[in-house]
Amino acid sequence: MILGLIVEVASGEPYAGYIQNHIFEPLRMGHSYTSKAVAKQDGLAMGHRHWFGYPFPAPNLRVRVVHSQPAS
């Protein structure tokens, strides 16, 4: 979160817009997002957690990451 605030202050743009305009678009990462809701619209896969060595679906994992697909 702190890095996001630094990016916003230094660039004068919202974090999501900065990442989209200065990283994703120049690298042609058309299936990468900073918003989970938008990523879901493009087919975001469900996360999994391991329990005693076996993976189980975890649809509500709380992580703050950039969402991307292999095509990007």
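In this structure, CG on Asp42 lies 11.5 Å from OG on Ser35, to the nearest 0.5 angstrom.
Not counting sequence neighbours, the partners of Pro57 by the side-chain contact (heavy atoms from CB on, under 4.5 Å) test are Met46, His48. Evaluation of the side-chain contact (heavy atoms from CB on, under 4.5 Å) rule for Ala16 yields Thr34 as partners, not counting sequence neighbours. Judged as a side-chain contact (heavy atoms from CB on, under 4.5 Å), and not counting sequence neighbours, the contacts of Tyr54 are Phe56. Remark: Ile6 pairs with Ile2 by the side-chain contact (heavy atoms from CB on, under 4.5 Å) rule, at least two apart or across chains. Checked against ring pair (Phe, Tyr, Trp, His ring centres under 6.0 Å), His22 has the following partners two or more places apart in sequence or in another chain: Tyr18.
Linking Ile, Leu, Val, Met, Phe, Trp and Tyr residues whenever their side-chain heavy atoms come within less than 4.5 Å places Leu3 and Tyr15 in a single cluster.
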